[in-house]
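No experiment lies behind these values; they were computed from the predicted model shown. Values below: every heavy atom of this structure, side chains too, minus hydrogens, waters and symmetry copies.
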Amino acid sequence: MEKNVKVLVLRTAGTNCDGETANAFAHFGATVERVHIKRLRNREVLLKDYHILAIPGGFTYGDDIESGRILANELRIHLGDDLAQFINDKKLIVGICNGFQILVKAGILPGNLDKGQAAAAAGFKQTVTLTNNDSGKFEDRWSYLKVSGESVWTKNLPKVVYFPVAHAEGKFVPSDNAVLEALKHNQQVAFTYCSSEGNAPVYPEAPNGSIEHIAGITDVTGRILGLMPHPERHFYFENSPGWNGQTKKGLLGDGAQVFKNGIEYIKGNLL
Amino acid sequence: MIWRIEIFNKEGVFDVQGDGVMRSVVDLGIHSVHKVEVTQVYSIEGELDHNAVTKICKELLTDPITQDFKFTVQKDFLPTVNLEELRVIEIAYNPGVMDPVEYSVIKGIRDLGLGEASGVKTAKEYKIFGHITDGQADTLVNKVLANKIIQHQVDHAQIRSDHFATMGNAEHEVISVDLIDAKDKALMKLSKDGQLFLNIEEMKTIQAYFKKLGRNPTDCELETTAQTWSEHCFHKTFRGNIEFEYKEKGKTKKRLIKNLLKSTIVKATQELDKKWCVSVFHDNAGVIEFDKESNVCFKVETHNHPSALEPFGGANTGIGGVIRDILGTGLGAKPICSTDVFCFAPPDTDWKDVPAGTLHPKRVMKGVVSGVRDYGNKMGIPTINGAIIFDPLYIGNPLVYCGNVGIMPKNKVFKKVNKGDCIVVAGGRTGRDGIHGATFSSGELTTDSEVVSSGAVQIGDPIQEKKVLDAMLIARDRGLYSAVTDCGAGGLSSAVGEMGQTLGAWVDLDKVPLKYQGLNYDEIWISESQERMVFSVPEKNVDEMLKVFASENVEATVIGYFTGKKKLELYYRGSQVCDIDMEFLHEGNPRITKKAKWTAPKLKAKKLPAKIDLNEKLLEVMGHYNICSKEWVIRQYDHEVQGGSIIKPLIGKNCDGPSDASVITPKLGSKKGIAISNGINARYGMIDPYWMAGNCIDEAVRQIVAVGGAIDRIAILDNFCWGNPDKPDRLGSLVRAAEGCYKFAVGYGVPFISGKDSLYNEYAQNKKTTAIPGTLLISAIGIVDDVSKTVTMNFKKPGSLIYVVGETRDEMGGAVYLDTCGDMGVNVPQVDPKAAIKTFKALNQATAKGLVNAMHDCSDGGLAVTLAEMAFAGNLGVTARIDKVVYKGKEKRDDVVMFSETPSRLVVEVSPEKQKKFEAELKGVKYSVIGRVENSPEFVIYGFKQNVVVNLFIQDLCEAWKQPLRW
């Protein structure tokens, strides 16, 4: 395999954050390709040729029926084996916003909740969902997030990060309490909404009514991450709403580290 | 077989949709309802058995965590019977209305491996708990749940069929219209009955043309001519002759204006002759230079009439349309941001003041905002700012301005159709949507409009347009086509007619892909079905072109070619249905002379009371609809997608301060950006449209200066929404505004690069017509060399000095403050371009040198509002002194200085250690230090008599500002 990190940014009708997501990985030297699902289904492009699968934000198929459902089914039914292999090869997956909704609805996240087994071992079954915000509307606003868990994606992040959310269906709901407890026990909760000081949030700090304010989760291995907020939209220092007047610490914003982590993990483990 | 599937929430799951409907029920004044539940209904037709439908429900239509389902064969379905305390209302789309969910469900079923569903329909079932009368139920259906233009209440007794109804397959027959021997009266009847909106001179010109040919026109030829000559497509008023009567120094004068557009707007651009203007006025959008490799283009459109009838669909397709304008500029640009401006009647308008046949302004506003949200967000184009103004005069005719900006490589700016090129139509299929949209928007709205012109309203499919965008940029970069234009008003007729203007075109209408059978040839030709683009493709590239579109799942079809015969030739099922000369179509219309008359309104200023509580007044002004926070709207738009957001519409400590221009970086990683702003104020125009133009230009430019954008790299767009130009007073005020545009564009050195006019914005009821106030929107785009040097409006540091730069005058005419006193005033603010440019250039320098902490423009509400916004956005207090303000006015009134809306002023925060350097930049500019930023929540203003005239907490100012539109 080439000595370069290869990232596949998946797209289909209605994907719309593919450009900035690709830019975020490319900034750290990865070779990034934006690939239409059609080419994967026709096997013109093979998932196994890549190290990272990124499912970006957007409105795939218009959020018709419910957000993420149609692409989730395509992945599960038509690319299920490829995905299971990809996961078992210890490669990385990240789903942002609509990408998170897709991972959840395909049952890839949170995946198997038994720490002893590989994520894909139990097959893909949906156990949590992302549903309508309590406010009943799409909202674009900036959220403080408390970082937790043990994911490769969240290494070296500060305790509290500042990313924007932009969604109508971001309320995290587990199927039952056992799932929620397992997520917490397994350190699978990666991001929770919080106040600017890292305390318990109230609306609009908690933008959607998520159970236990969950904003992002991983699989048991920490290699698959899904989150509603957009780290790629706080990639540069000047993307934040309060940058003007703050001391500049560098070119990049809070979100950049997430993508850097992905690249460094691959370089350290799979190249 | 048709299956009926119902999807509903599991016990205990919060029903967000039901909650939303519940709020609207309360808005209607119905208080007996205590709960609303919404069920999603899918009807699916196809060879599917019970197991297959179960699988579809479980794996496709239901979220297993939150939802449940039940289903039945449609013909066995027993609707819930209405009870005393429960009413069930089902709402579905009318036949022929586009419902994108249908296609998605069909695709989803295919992905499950269950074969093809032949049809899908969706509906919503509302369970209303609590007692309501039949009358209330009807009100609920008509005012909240359905818009009869696109939807209906399902009557289950009527559906007993096993198949969805399909459109009938009409017998084809070429219809010729009896025109050449018709008398004047008959000609006008033809124009009216056919919704052609042509006047007698125009009808006679057409008659003469066909007399010469010795035959009657086909219906298609007549409609094509009407569409091409429509006000919407041809801009007859702006390009025609105008006899203008006005008063100068007490004397009545008359003057003939030949082509208002060329003698004002275009003239300003020609005189300014900026090198960075790449393509102005002749393409879909104006193009200016961005950086070494790229240009940016900007266009603002209006979609007023459709939005009045069906706010969601109207605004939805308005956005879709302006985005296609950008896609069709040059060889295609990539849309990078949107800006949207609306004018409505106040949302708390009493129901009894809502005229018959119109919707309540709150519903219009909610619908318009949803329409913009739906299209913009789904396309992945950030809506980065906008404006909303309220005035009762917009009650029958709201205004919806949709703007879009695109970026394109420098070598893709020009297009040229070649003889022999194929005509390829790509994107959505053609249906009966939007027939007569172009001509419909060239007449006044009436009580009957919602019935007669309902075909003119549609719903968009943003995902279809996103696919077209994705595909066409690939094809553009491979150089596969020689020209492109969008299908907008007038449909194929307009697009192909325009592209083939010099060469001529031959089209086989049988080739156009249709949504359903049964369209006549003329309907295929003038249909305004959305999401279609027309390309001119060299024959050798056709195969690859079609392949590229297929790879993105976009339908693309060759429908004809450009001939070189200078004729428009259309065929349908073997017979010719149109054969007209392109020259007649594009140049043959009579140049009409319209009469215009401008008389200044007779206004008298009321005397302001001697004593006014300025604490109360400031809170009232903050909460005025034209000033208050638009956060409810802004947050529903994705304003950050594409990742280049630098200055957002809401910024500051708590992300709640209203910024001036918005700034984005279209190329990630580059510091080069664009700033976008708008200037609009209809109240000034009610006093004098000339000064309205000056103020709008000043405001748009000032907002860009406020963030640090250089004044010498700003281009502007004009957008005139006026009443009926056949009435001399309306046209007179339009002329006066256009002349202001010329004068001040030249004065400020900002060229117009594109524009638009929407006339006939009147609402007729019982023979009485109400015109909107002539409303000019100036939109500006500025190129920002280094976005890291821009500044935002929130106060940053306690102890900083507060400057007011620019002179304040007694200019209360049209001011928001006077509106809260029930007065219009007389002294409309006047601009002085020379002084303004001096101010703006000095502030440009100061910002570039990093001397400015924060800057905000003074506009609606004046100085007091500007200070208050900067304070609560920065979560810091203020001490300010009225007597320190550079003020030129006879009467020393605190309220005049606080609320006068004199243009060209900005409030600037500067750190004390930078005072000298900052003031050195301001040589020759009028300015003063008026106060200090405080590390406290108090907002204190001292008056002329050194007394405290305002003493408020910033939280209270912020709350007064946020409360009115917190829905």
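A salt bridge does not link Glu909(B) to Lys796(B): none of the charged side-chain nitrogens sits closer than 4.0 Å to a carboxylate oxygen. The existence of a salt bridge linking Lys121(B) and Asp99(B) is excluded, since no basic side-chain nitrogen approaches an acidic carboxylate oxygen closer than 4.0 Å. One finds a salt bridge joining Glu59(B) and Arg76(A) here, because a Lys/Arg side-chain nitrogen approaches an Asp/Glu carboxylate oxygen to under 4.0 Å. A salt bridge links Arg41(A) to Asp111(B): at least one charged side-chain nitrogen sits closer than 4.0 Å to a carboxylate oxygen. One finds no salt bridge joining Arg34(A) and Asp470(B) here, because no Lys/Arg side-chain nitrogen approaches an Asp/Glu carboxylate oxygen to under 4.0 Å.
Heavy-atom distances place the side chain of Thr131(A), and not its backbone, under 4.5 Å from chain B. For chain A, the nearby part of Tyr637(B) is the backbone; its heavy atoms alone come within less than 4.5 Å. For Asp374(B), no part sits under 4.5 Å from any heavy atom of chain A, backbone or side chain. Proximity to chain A is absent for every atom of Thr665(B), based on heavy atoms less than 4.5 angstrom apart. In this structure, chain B has no heavy atom under 4.5 Å from any part of Asp176(A). Residue Asn132(A) touches chain B through both its backbone and its side chain, counting heavy-atom pairs closer than 4.5 Å. Proximity to chain B is absent for every atom of Pro204(A), based on heavy atoms less than 4.5 angstrom apart. In this structure, chain B has no heavy atom under 4.5 Å from any part of Ser196(A). Heavy-atom distances place the backbone of Val787(B), and not its side chain, under 4.5 Å from chain A. Arg39(A) does not touch chain B: none of its heavy atoms, backbone or side chain, sits under 4.5 Å away. For Asn853(B), the part lying near chain A is the backbone, with the side chain staying farther off; criterion is any non-hydrogen pair under 4.5 Å. Using a 4.5 Å cut-off between heavy atoms, Lys671(B) contacts chain A through its side chain alone, with no backbone atom that close. Neither the backbone nor the side chain of Ala873(B) comes within contact range of chain A; no heavy atoms are under 4.5 Å apart. Contact annotation for Ile77(A): only side-chain heavy atoms (C-beta onward) come within less than 4.5 Å of a heavy atom of chain B. For chain B, the nearby part of Leu251(A) is the side chain; its heavy atoms alone come within less than 4.5 Å. In this structure, no portion of Ser659(B) lies under 4.5 Å from any heavy atom of chain A.
Although no hydrogens or angles enter the test, the distance criterion places no donor-acceptor pair under 3.5 Å between the side chain of Gln126(A) and the main chain of Gly107(A). Gln636(B) contributes a side-chain N or O that, together with a main-chain N or O of Trp632(B), makes up a donor-acceptor pair within less than 3.5 Å. Of the possible polar contacts, none joining the Thr62(B) side chain to the Pro64(B) backbone as a donor-acceptor pair under 3.5 Å is found. When atom types are taken as modelled, the side chain of Ser210(A) and the backbone of Gly170(A) share a donor-acceptor pair closer than 3.5 angstrom. Of the possible donor and acceptor atoms, one in the side chain of Ser662(B) sits under 3.5 Å from a partner among the backbone N and O of Ile384(B). Without hydrogens or angle criteria, Asn133(A) side chain to His167(A) main chain gives a donor-acceptor distance under 3.5 Å. Remark: side-chain polar atoms of Asp140(A) are paired, donor with acceptor, to backbone N or O of His639(B) under 3.5 angstrom. No donor-acceptor pair under 3.5 Å is formed between the side chain of Asn9(B) and the backbone N or O of Gln67(B). Remark: side-chain polar atoms of Thr21(A) are paired, donor with acceptor, to backbone N or O of Cys17(A) under 3.5 angstrom. Formation of a donor-acceptor pair under 3.5 Å by the Glu205(A) side chain with backbone atoms of Ser143(A) is not found in this model.
Ranked by non-hydrogen atom pairs under 4.5 Å with chain B, the options Val173(A), Asp64(A), Asp18(A), Asn244(A) are led by Asn244(A). Of the listed residues (His78(A), Glu20(A), Gln246(A)), the greatest number of heavy-atom pairs within a distance under 4.5 Å of chain B belongs to Glu20(A). For chain B, the option among Arg11(A), Lys171(A), His230(A) with the highest count of heavy-atom pairs below 4.5 Å is Arg11(A). Between chain A and the options Ser551(B), Gly113(B), Gly652(B), heavy-atom pairs under 4.5 Å are most frequent for Ser551(B). Contact count against chain A (heavy-atom pairs under 4.5 Å) is highest for Thr790(B) among Thr122(B), Thr790(B), Ile7(B), Asn794(B). Between chain A and the options Val16(B), Ile651(B), Val101(B), Asp638(B), heavy-atom pairs under 4.5 Å are most frequent for Asp638(B). Considering only heavy-atom pairs separated by less than 4.5 Å from chain A, the leading option among Val554(B), Thr66(B), Asn553(B), Val105(B) is Asn553(B). Your options are Lys797(B), Lys466(B), Lys653(B), and the one with the most heavy-atom pairs under 4.5 Å with chain A is Lys466(B). Interface summary for chain A: among Arg635(B), Lys467(B), Lys107(B), the most heavy-atom pairs under 4.5 angstrom belong to Arg635(B). Looking only at heavy-atom pairs under 4.5 Å with chain B, the residue among Gly57(A), Gly242(A), Ala13(A) that has the most is Ala13(A).
Residue Arg43(A) places its CZ atom among 12 or fewer non-hydrogen atoms of other residues, nucleotides or ligands, all under 6.0 Å distant. Around the CG atom of Asn42(A), the shell of radius 6.0 Å holds more than 12 heavy atoms that belong to other residues, nucleotides or ligands.
Of all residues in residues 232-240 of chain A, those placing a non-hydrogen atom less than 4.5 angstrom from a non-hydrogen atom of chain B are Arg233(A), Tyr236(A), Glu238(A), Asn239(A), Ser240(A). Interface residues of residues 95-105 of chain A toward chain B, defined by a heavy-atom distance below 4.5 Å and sorted by number: Lys105(A).
In this structure, CG in Leu61(B) is found 5.5 Å from OH in Tyr42(B), a value given to the nearest 0.5 Å. Remark: Phe795(B) CZ to Met855(B) CE distance equals 12.5 Å, nearest 0.5 Å.
Nearest heavy atoms, Val32(A) versus Ala26(A): CG2-N, 3.7 Å. Closest non-hydrogen pair, Asn16(A) versus Lys378(B), comes out as ND2-O, 3.5 Å.
For the pair Arg141(A) and Phe163(A), the cation-pi criterion (under 6.0 Å, within 45° of the ring axis) is not fulfilled.
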